[in-house]
Amino acid sequence: MHEGNGSLAGRLTQYGALTLIVHLTAGCSPDAPPPPPAREQAQRVEPPARATPSADRKLVVAFGDSLYAGYNLDQGQGLAPVLERALADRGLKAQVVNAGVSGDTTTAGRARLAFTLDGLPRKPDLMLVGLGGNDMLRGLSPQETRDNLDAILREAKARGIPVMLTGMLASPNMGADYAAAFNPIFPDLAHKYDAALYPFMLDGVLGERALLLPDGIHPNARGVTVIARRLAPIVAQNLKG
(Lines give C-alpha, C1' and ligand atoms only; values in the text may rest on other atoms or scores of the structure.)
Protein backbone atom coordinates (compact mmCIF):
# COMPACT_ATOMS: atom_id res chain seq x y z
CA MET A 1 0.00 0.00 0.00
CA HIS A 2 2.86 2.34 0.72
CA GLU A 3 5.29 0.98 -1.86
CA GLY A 4 5.62 1.70 -5.55
CA ASN A 5 4.51 -0.82 -8.15
CA GLY A 6 8.09 -1.70 -9.04
CA SER A 7 8.98 -2.56 -5.47
CA LEU A 8 5.87 -4.62 -4.98
CA ALA A 9 6.47 -6.44 -8.26
CA GLY A 10 9.97 -7.34 -7.13
CA ARG A 11 8.69 -8.70 -3.87
CA LEU A 12 6.03 -10.71 -5.65
CA THR A 13 8.71 -12.30 -7.80
CA GLN A 14 10.43 -13.38 -4.62
CA TYR A 15 7.02 -14.44 -3.37
CA GLY A 16 6.81 -16.87 -6.25
CA ALA A 17 10.40 -18.05 -5.93
CA LEU A 18 9.78 -18.97 -2.32
CA THR A 19 6.49 -20.62 -3.27
CA LEU A 20 4.83 -18.12 -0.96
CA ILE A 21 1.75 -19.91 0.13
CA VAL A 22 3.46 -23.28 0.51
CA HIS A 23 4.43 -22.07 3.98
CA LEU A 24 1.34 -20.04 4.69
CA THR A 25 -0.07 -22.68 7.02
CA ALA A 26 1.32 -24.86 9.75
CA GLY A 27 2.30 -28.10 8.10
CA CYS A 28 -0.16 -27.71 5.23
CA SER A 29 0.57 -28.93 1.69
CA PRO A 30 -1.42 -29.87 -1.38
CA ASP A 31 -1.38 -33.46 -0.06
CA ALA A 32 -2.28 -32.51 3.49
CA PRO A 33 -5.34 -34.14 5.02
CA PRO A 34 -8.57 -32.17 4.90
CA PRO A 35 -9.28 -29.73 7.72
CA PRO A 36 -10.97 -31.17 10.83
CA PRO A 37 -14.72 -30.71 11.37
CA ALA A 38 -15.90 -27.14 11.86
CA ARG A 39 -16.71 -27.50 15.56
CA GLU A 40 -13.29 -29.00 16.30
CA GLN A 41 -11.62 -26.16 14.42
CA ALA A 42 -13.63 -23.51 16.20
CA GLN A 43 -12.69 -25.00 19.56
CA ARG A 44 -9.04 -24.51 18.62
CA VAL A 45 -9.60 -20.78 18.35
CA GLU A 46 -8.42 -18.74 21.30
CA PRO A 47 -11.58 -18.32 23.40
CA PRO A 48 -12.88 -14.76 23.70
CA ALA A 49 -12.91 -13.01 27.03
CA ARG A 50 -15.98 -13.98 29.02
CA ALA A 51 -16.74 -10.47 30.16
CA THR A 52 -18.66 -8.33 27.70
CA PRO A 53 -16.59 -5.31 26.67
CA SER A 54 -17.64 -2.08 28.31
CA ALA A 55 -19.77 0.33 26.32
CA ASP A 56 -16.76 2.47 25.43
CA ARG A 57 -14.65 -0.50 24.29
CA LYS A 58 -15.05 -1.76 20.74
CA LEU A 59 -15.11 -5.48 19.95
CA VAL A 60 -13.15 -6.71 16.93
CA VAL A 61 -12.89 -10.34 15.80
CA ALA A 62 -9.90 -11.34 13.66
CA PHE A 63 -11.19 -14.26 11.57
CA GLY A 64 -8.52 -15.86 9.41
CA ASP A 65 -5.70 -18.35 8.98
CA SER A 66 -2.13 -18.65 10.29
CA LEU A 67 -1.35 -15.00 9.53
CA TYR A 68 -4.01 -14.12 12.10
CA ALA A 69 -3.40 -17.04 14.46
CA GLY A 70 0.14 -16.04 15.44
CA TYR A 71 1.88 -19.02 13.83
CA ASN A 72 5.06 -20.00 15.75
CA LEU A 73 4.89 -16.89 17.93
CA ASP A 74 4.71 -16.55 21.69
CA GLN A 75 1.47 -15.62 23.37
CA GLY A 76 0.86 -11.91 23.03
CA GLN A 77 2.81 -11.63 19.76
CA GLY A 78 0.05 -12.58 17.32
CA LEU A 79 -2.01 -10.15 15.28
CA ALA A 80 -4.93 -9.81 17.71
CA PRO A 81 -3.03 -8.65 20.81
CA VAL A 82 -0.57 -6.54 18.81
CA LEU A 83 -3.38 -4.84 16.88
CA GLU A 84 -5.21 -4.23 20.15
CA ARG A 85 -2.13 -2.43 21.49
CA ALA A 86 -1.71 -0.49 18.24
CA LEU A 87 -5.30 0.72 18.52
CA ALA A 88 -4.72 1.69 22.15
CA ASP A 89 -1.71 3.72 21.04
CA ARG A 90 -4.12 5.64 18.80
CA GLY A 91 -6.40 6.30 21.77
CA LEU A 92 -8.99 3.71 20.75
CA LYS A 93 -10.18 1.23 23.37
CA ALA A 94 -10.82 -2.14 21.74
CA GLN A 95 -10.82 -5.83 22.46
CA VAL A 96 -9.46 -7.82 19.51
CA VAL A 97 -10.39 -11.50 19.62
CA ASN A 98 -8.11 -14.02 17.92
CA ALA A 99 -10.28 -16.20 15.68
CA GLY A 100 -7.42 -17.33 13.45
CA VAL A 101 -6.85 -21.03 12.73
CA SER A 102 -3.65 -22.14 10.99
CA GLY A 103 -4.40 -24.19 7.91
CA ASP A 104 -7.87 -22.79 7.33
CA THR A 105 -9.15 -22.65 3.79
CA THR A 106 -12.12 -20.48 2.95
CA THR A 107 -14.26 -23.63 3.08
CA ALA A 108 -13.13 -24.37 6.63
CA GLY A 109 -13.61 -20.75 7.64
CA ARG A 110 -17.10 -20.68 6.19
CA ALA A 111 -17.96 -23.86 8.12
CA ARG A 112 -16.89 -22.46 11.49
CA LEU A 113 -18.09 -18.90 11.06
CA ALA A 114 -21.45 -19.18 12.83
CA PHE A 115 -19.94 -21.17 15.70
CA THR A 116 -17.23 -18.54 16.13
CA LEU A 117 -19.58 -15.55 16.04
CA ASP A 118 -22.11 -17.20 18.33
CA GLY A 119 -19.35 -17.76 20.89
CA LEU A 120 -18.43 -14.07 21.17
CA PRO A 121 -19.58 -12.05 24.20
CA ARG A 122 -21.65 -9.81 21.91
CA LYS A 123 -21.97 -8.78 18.28
CA PRO A 124 -18.59 -7.41 17.16
CA ASP A 125 -18.20 -3.85 15.96
CA LEU A 126 -15.91 -5.08 13.18
CA MET A 127 -14.80 -8.42 11.74
CA LEU A 128 -11.43 -8.72 10.01
CA VAL A 129 -11.45 -11.50 7.41
CA GLY A 130 -8.14 -12.94 6.21
CA LEU A 131 -8.64 -16.19 4.30
CA GLY A 132 -7.76 -17.47 0.83
CA GLY A 133 -4.01 -18.10 0.98
CA ASN A 134 -4.45 -21.77 1.76
CA ASP A 135 -6.90 -22.15 -1.10
CA MET A 136 -4.07 -21.07 -3.38
CA LEU A 137 -1.66 -23.47 -1.69
CA ARG A 138 -3.98 -26.34 -2.51
CA GLY A 139 -4.63 -25.08 -6.02
CA LEU A 140 -8.32 -24.74 -5.31
CA SER A 141 -10.58 -23.05 -7.80
CA PRO A 142 -10.62 -19.26 -7.40
CA GLN A 143 -14.36 -19.47 -7.98
CA GLU A 144 -14.64 -21.69 -4.90
CA THR A 145 -12.62 -19.16 -2.92
CA ARG A 146 -14.83 -16.34 -4.16
CA ASP A 147 -18.03 -18.23 -3.34
CA ASN A 148 -16.88 -19.05 0.20
CA LEU A 149 -15.73 -15.52 0.97
CA ASP A 150 -18.95 -14.18 -0.50
CA ALA A 151 -20.90 -16.45 1.86
CA ILE A 152 -18.83 -15.27 4.84
CA LEU A 153 -19.44 -11.62 4.02
CA ARG A 154 -23.10 -12.30 3.33
CA GLU A 155 -23.50 -13.88 6.77
CA ALA A 156 -21.72 -10.95 8.40
CA LYS A 157 -24.03 -8.52 6.60
CA ALA A 158 -27.09 -10.50 7.72
CA ARG A 159 -25.87 -10.17 11.31
CA GLY A 160 -25.16 -6.46 10.92
CA ILE A 161 -21.40 -6.87 11.37
CA PRO A 162 -19.12 -4.52 9.39
CA VAL A 163 -16.23 -6.30 7.67
CA MET A 164 -12.67 -5.44 6.74
CA LEU A 165 -10.93 -7.75 4.26
CA THR A 166 -7.19 -8.29 4.37
CA GLY A 167 -6.38 -9.48 0.88
CA MET A 168 -3.95 -11.94 -0.63
CA LEU A 169 -2.25 -12.00 -4.03
CA ALA A 170 -1.55 -15.03 -6.17
CA SER A 171 2.03 -16.22 -6.24
CA PRO A 172 3.46 -15.70 -9.75
CA ASN A 173 4.29 -19.40 -10.00
CA MET A 174 0.54 -20.09 -10.04
CA GLY A 175 0.41 -18.61 -13.53
CA ALA A 176 -1.22 -15.58 -15.11
CA ASP A 177 -4.62 -17.22 -15.58
CA TYR A 178 -4.85 -18.18 -11.92
CA ALA A 179 -3.78 -14.70 -10.81
CA ALA A 180 -6.33 -13.08 -13.13
CA ALA A 181 -9.08 -15.09 -11.46
CA PHE A 182 -7.77 -14.95 -7.88
CA ASN A 183 -6.48 -11.42 -7.36
CA PRO A 184 -9.75 -9.55 -8.08
CA ILE A 185 -11.67 -11.58 -5.49
CA PHE A 186 -10.88 -9.29 -2.58
CA PRO A 187 -11.48 -5.87 -4.18
CA ASP A 188 -14.60 -7.20 -5.92
CA LEU A 189 -16.14 -8.48 -2.67
CA ALA A 190 -15.08 -5.39 -0.73
CA HIS A 191 -16.97 -3.31 -3.30
CA LYS A 192 -19.99 -5.63 -3.31
CA TYR A 193 -20.38 -5.57 0.47
CA ASP A 194 -19.07 -2.04 1.09
CA ALA A 195 -16.27 -3.54 3.19
CA ALA A 196 -12.97 -1.93 4.03
CA LEU A 197 -9.99 -3.46 2.20
CA TYR A 198 -6.31 -3.83 3.01
CA PRO A 199 -5.20 -5.18 -0.38
CA PHE A 200 -2.22 -7.36 0.59
CA MET A 201 -1.77 -8.77 4.08
CA LEU A 202 2.01 -9.13 3.75
CA ASP A 203 2.64 -5.67 2.32
CA GLY A 204 5.73 -4.13 3.89
CA VAL A 205 6.84 -7.48 5.34
CA LEU A 206 7.30 -9.85 2.41
CA GLY A 207 10.95 -9.91 1.36
CA GLU A 208 12.19 -8.30 4.58
CA ARG A 209 14.14 -11.09 6.24
CA ALA A 210 14.35 -9.24 9.55
CA LEU A 211 10.54 -9.27 9.73
CA LEU A 212 10.02 -12.93 8.86
CA LEU A 213 10.33 -16.31 10.52
CA PRO A 214 12.98 -18.68 9.11
CA ASP A 215 10.42 -20.05 6.61
CA GLY A 216 10.72 -16.70 4.83
CA ILE A 217 6.96 -16.22 4.68
CA HIS A 218 5.27 -15.92 8.07
CA PRO A 219 5.91 -12.67 9.95
CA ASN A 220 7.90 -12.82 13.16
CA ALA A 221 7.01 -10.64 16.14
CA ARG A 222 8.52 -7.57 14.49
CA GLY A 223 6.70 -8.34 11.25
CA VAL A 224 3.38 -8.64 13.04
CA THR A 225 4.02 -5.25 14.61
CA VAL A 226 4.57 -3.74 11.15
CA ILE A 227 1.35 -5.30 9.85
CA ALA A 228 -0.63 -4.18 12.89
CA ARG A 229 0.63 -0.61 12.59
CA ARG A 230 -0.46 -0.54 8.95
CA LEU A 231 -3.85 -2.03 9.72
CA ALA A 232 -4.55 0.10 12.80
CA PRO A 233 -5.47 3.37 11.02
CA ILE A 234 -7.93 1.58 8.73
CA VAL A 235 -9.41 -0.43 11.59
CA ALA A 236 -9.71 2.69 13.73
CA GLN A 237 -11.41 4.61 10.93
CA ASN A 238 -13.98 1.85 10.49
CA LEU A 239 -14.61 1.58 14.22
CA LYS A 240 -15.20 5.31 14.52
CA GLY A 241 -17.35 5.49 11.41
Side-chain angles (χ1 to χ4, degrees), residues 12 15-46 61-73 78-80 98-113 115-116 127-153 155 163-175 177-179 181-190 197-203 205-206 212-213 215-219 223-224 227:
L12 284 174
Y15 181 61
L18 291 171
T19 59
L20 168 74
I21 302 299
V22 170
H23 297 288
L24 194 57
T25 78
C28 225
S29 73
D31 298 321
R39 186 175 182 86
E40 179 183 340
Q41 280 193 313
Q43 288 173 335
R44 287 159 48 201
V45 177
E46 180 180 302
V61 58
F63 187 79
D65 53 31
S66 60
L67 296 178
Y68 279 24
Y71 172 72
N72 269 7
L73 298 176
L79 180 66
N98 178 12
V101 174
S102 294
D104 252 13
T105 59
T106 56
T107 297
R110 178 179 179 178
R112 70 179 173 91
L113 176 64
F115 181 84
T116 299
M127 180 168 74
L128 306 184
V129 177
L131 293 164
N134 293 314
D135 295 46
M136 179 165 50
L137 162 66
R138 298 183 180 205
L140 301 180
S141 163
Q143 187 60 52
E144 180 179 340
T145 301
R146 180 184 289 269
D147 290 345
N148 287 327
L149 286 172
D150 190 286
I152 289 170
L153 269 64
E155 176 67 15
V163 170
M164 175 176 165
L165 279 169
T166 58
M168 186 53 60
L169 296 172
S171 174
N173 67 314
M174 296 301 295
D177 290 345
Y178 191 95
F182 184 87
N183 291 350
I185 292 172
F186 303 92
D188 285 355
L189 291 178
L197 175 67
Y198 186 80
F200 184 41
M201 180 67 177
L202 293 172
D203 188 29
V205 173
L206 184 67
L212 297 168
L213 293 175
D215 64 17
I217 300 301
H218 287 89
V224 171
I227 292 171

Nearest heavy-atom pair of [X] and [Y]: which atoms, and what distance?
{"X": "M168", "Y": "F186", "answer": "O-CE1, 3.4 Å"}
{"X": "P187", "Y": "L197", "answer": "CA-CD2, 3.7 Å"}
{"X": "R146", "Y": "A181", "answer": "NH2-O, 4.3 Å"}
{"X": "L202", "Y": "L67", "answer": "CD2-CD2, 4.1 Å"}
{"X": "A190", "Y": "L165", "answer": "N-CD1, 3.9 Å"}
{"X": "A69", "Y": "N98", "answer": "O-ND2, 3.6 Å"}

*Evaluate the criterion side-chain contact (heavy atoms from CB on, under 4.5 Å) for residue pair E144 and T105; output intermediate values, then yes/no.*
CA-CA 10 Å; E144 180 179 340; T105 59; over 6 Å; no
_The single option from I152, L189, V129 passing side-chain contact (heavy atoms from CB on, under 4.5 Å) against V163_ = V129
Distance, nearest 0.5 Å, that separates [atom1] of [X] from [atom2] of [Y]:
{"X": "D65", "Y": "D135", "atom1": "CG", "atom2": "CG", "value": "9.0 Å"}
{"X": "N148", "Y": "L153", "atom1": "CG", "atom2": "CG", "value": "11.5 Å"}
{"X": "I185", "Y": "D150", "atom1": "CD1", "atom2": "CG", "value": "10.5 Å"}
{"X": "T106", "Y": "M136", "atom1": "OG1", "atom2": "CE", "value": "12.0 Å"}
{"X": "Y68", "Y": "M201", "atom1": "OH", "atom2": "CE", "value": "5.5 Å"}
{"X": "F63", "Y": "T166", "atom1": "CZ", "atom2": "OG1", "value": "12.0 Å"}

*asked:* M127 vs L113, test: side-chain contact (heavy atoms from CB on, under 4.5 Å). Steps then yes/no.
replied: CA-CA 11 Å; M127 180 168 74; L113 176 64; 4.0 Å; yes
*Sub-3.5 Å donor-acceptor pair from the side chain of D104 to the main-chain atoms of L131, do we have one?*
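Side chain of D104 to backbone of L131, a donor-acceptor pair under 3.5 Å: no, none is there.
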*Any donor-acceptor pair under 3.5 Å linking the side chain of N183 with the backbone of A170?*
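Side chain of N183 to backbone of A170, a donor-acceptor pair under 3.5 Å: yes, one is there.
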*Do N72 and H218 pass the side-chain contact (heavy atoms from CB on, under 4.5 Å) test, and can you show the C-alpha distance, the side-chain angles, and the key distance before you say yes or no?*
CA-CA 9 Å; N72 269 7; H218 287 89; over 6 Å; no
_Check the orientation of Y178 and F182. Use parallel for under 30°, tilted for 30 to 60°, and perpendicular for over 60°._
parallel
